[in-house]
Amino acid sequence: GSYAFTDAMAVTLGLRYSDEEKDFELSPLGFPTAVRAVESDSWDDITYRLGVDYQMSDQTMIYASISTGFKSGGFNEQAGTLVSASTGFDPEEAESFEVGMKSDFLDNTLRLNLAAFYVEYTDLQVDAVVPVPGVGQESIVTNAGEVTSYGLEADLQWLATDNLTIDGTLGLLDSEYDKFNCNRDGDATTPDVDCTDFDVKRTPDVTASLGATYSFVLGGGGITDLNVNATYTDSFYNDIINSASSEHEEVALLNASISYFSANETFRVALFGRNLTDEEYQTSGLSVANLWNFSTYGNPLTYGVELEVNF
């Protein structure tokens, strides 16, 4: 609940108790149906959130919070071996600190929100493809030791004129393993070693966007929006051992659209174009038993028409 100490300051406190139980049964591929993994486990935890909001003025509010999170453990339904199917993974826990500001400027035509955060994960749950003697490889969920993440997020919206709106976002992120052992070379016969120098999977250092929308009313009362926007995503890896085949390549994309909204809002029709510069970039990849690489790529130059009808 929340409690207002003054007209300007409020405190929010939340508390949650979680208790989860999972039953699991699996016969891995290639094993007789009589050979099964039958497991059961339960996990419980108490998490909380404490936040303070302070209204500095009618246009600016600052806040700070500390919170904890919990994700229960489980079992590997995609396991390719009986050992992995019978071995569960532990709960993931997190402790998060955040400070931020929400503000309006220039007669409420400019909105700027800022947030800085720091998060410590214990037993972070990650998807992993691991080598298995005599099998090749299997996909499992495993716990990646301890991870620290911190960063900054900003979003801005500016009503530059009665017709023109400009918006942008920026995300800066640094995630590091504090404790993590893994099989770095993909060889099932070698032991796990220290892997704290690897990048945490799916954590781009920089993400950003910038867009502009020009709106005007037509004679019949309908509204037309002209939009152009650009997005940027830094490179990152999709697997825990940072293999080149799993990399999401750095990419900047340009998109645009023209939309018409009927006066009574019963329908919308839009002409759109995405990835207008036709960038070619890999979004993910998976090495299959060191035989080939299964890769996916982002959509090429794409254009089309959308129709939306409201009944």
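Note that these values count all heavy atoms, side chains included, but never hydrogens, waters or copies made by symmetry.
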Has the side chain of [X] got a donor or acceptor atom that lies under 3.5 Å from a matching backbone atom of [Y]?
| X | Y | answer |
| --- | --- | --- |
| Ser245 | Ser243 | no |
| Asp239 | Ser246 | no |
| Asn275 | Asn299 | yes |
| Asp199 | Thr203 | no |
| Asn143 | Asp90 | yes |
| Gln55 | Ser57 | yes |
| Asn163 | Tyr214 | no |
| Ser72 | Pro91 | no |
| Asp23 | Glu39 | no |
| Thr109 | Trp158 | no |

Value rounded to 0.5 Å, distance of [atom1] in [X] from [atom2] in [Y]:
| X | Y | atom1 | atom2 | value |
| --- | --- | --- | --- | --- |
| Glu249 | Ser284 | CD | OG | 11.0 Å |
| Arg16 | Thr47 | CZ | OG1 | 6.0 Å |
| Leu210 | Leu170 | CG | CG | 11.0 Å |
| Arg202 | Ile240 | CZ | CD1 | 11.0 Å |
| Ile62 | Leu114 | CD1 | CG | 12.0 Å |
| Phe75 | Ser86 | CZ | OG | 9.5 Å |

Residues which pass salt bridge (charged side-chain N to carboxylate O under 4.0 Å, His left out) with [X], listed by chain and number, not counting sequence neighbours:
| X | answer |
| --- | --- |
| Glu25 | Arg36 |
| Asp58 | none |
| Asp104 | Arg111 |

Under 3.5 Å, which donor-acceptor pairs link side chains of residues 2-14 to any protein atom two or more places apart or in another chain?
unit_1 : atom_1 : unit_2 : atom_2 : d
Ser2   : OG     : Thr12  : OG1    : 2.9
Thr6   : OG1    : Ala8   : N      : 3.1
Thr6   : OG1    : Met9   : N      : 3.0

Got a sec, which hydrophobics cluster with [X], joining ILVMFWY side chains under 4.5 Å apart, including via others?
| X | answer |
| --- | --- |
| Met61 | Tyr63 |
| Val251 | Leu253, Tyr281 |
| Val141 | Phe89 |

For Thr296 and Thr283, does a side-chain donor sit closer than 3.5 Å to a side-chain acceptor?
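Short answer, yes.
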
If we count only N and O atoms by modelled type, under 3.5 Å, do the side chains of Thr169 and Ser209 hold a donor and an acceptor together?
yes

With a 4.5 Å heavy-atom cut-off, do Asn255 and Leu276 have their side chains touching?
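No, too far: nothing below the 4.5 Å cut-off.
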
Determine the minimum heavy-atom distance between [X] and [Y], stating which atoms define it.
| X | Y | value |
| --- | --- | --- |
| Ala244 | Gln282 | O-NE2, 3.9 Å |
| Pro300 | Thr302 | O-OG1, 2.8 Å |
| Ser175 | Ser149 | OG-OG, 2.6 Å |
| Phe24 | Asn76 | CZ-O, 3.6 Å |
| Thr60 | Ser103 | OG1-CB, 3.7 Å |
| Ser259 | Ala270 | OG-CB, 3.4 Å |

What pairs of donor and acceptor atoms, side-chain ones from residues 303-311 against any protein atom, are under 3.5 angstrom apart with sequence neighbours left out?
unit_1 : atom_1 : unit_2 : atom_2 : d
Glu306 : OE1    : Arg268 : NH2    : 3.3
Glu306 : OE2    : Arg274 : NH2    : 3.2
Asn310 : ND2    : Glu265 : O      : 3.0

For atom [atom1] of [X], is the number of surrounding heavy atoms from other residues, nucleotides or ligands below 6.0 Å larger than 12?
| X | atom1 | result |
| --- | --- | --- |
| Lys22 | NZ | yes |
| Gln157 | CD | no |
| Asn108 | CG | yes |
| Asn264 | CG | yes |

Would you check, one step at a time, whether the test side-chain contact (heavy atoms from CB on, under 4.5 Å) holds for Leu254 with Val228?
CA-CA 8 Å; Leu254 180 65; Val228 60; 3.9 Å; yes

With sequence neighbours left out, what residues match Glu95 under side-chain contact (heavy atoms from CB on, under 4.5 Å)?
Tyr48, Ile66, Thr68, Phe97, Glu120

Cluster question for you: counting only ILVMFWY and a side-chain heavy-atom cut-off of under 4.5 Å, with indirect links fine, are [X] and [Y] together?
| X | Y | answer |
| --- | --- | --- |
| Leu152 | Tyr150 | no |
| Val217 | Tyr260 | no |
| Leu159 | Leu112 | no |
| Leu124 | Leu173 | yes |

Run Ile223 and Leu218 through side-chain contact (heavy atoms from CB on, under 4.5 Å) and show every step you take.
CA-CA 6 Å; Ile223 298 175; Leu218 297 179; over 6 Å; no

Take Leu164 and Thr213 through the test side-chain contact (heavy atoms from CB on, under 4.5 Å) and record every step on the way to the result.
CA-CA 6 Å; Leu164 178 63; Thr213 301; over 6 Å; no

Under the ring-ring contact (aromatic ring centres under 6.0 Å, His included) definition, can you give me all pairs with a residue in residues 222-247, not counting sequence neighbours?
Phe236-His248

Could you walk me through whether Thr224 and Ile258 pass the side-chain contact (heavy atoms from CB on, under 4.5 Å) test, one step at a time?
CA-CA 7 Å; Thr224 298; Ile258 302 174; 4.2 Å; yes

Among pairs that include at least one residue of residues 212-234, which meet salt bridge (charged side-chain N to carboxylate O under 4.0 Å, His left out), considering only residues two or more places apart or in two chains?
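Of all non-adjacent pairs touching residues 212-234, none passes salt bridge (charged side-chain N to carboxylate O under 4.0 Å, His left out).
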
According to the disulfide bond (SG atoms under 2.5 Å apart) rule, which pairs have a member within residues 190-241, sequence neighbours left out?
Cys182-Cys195

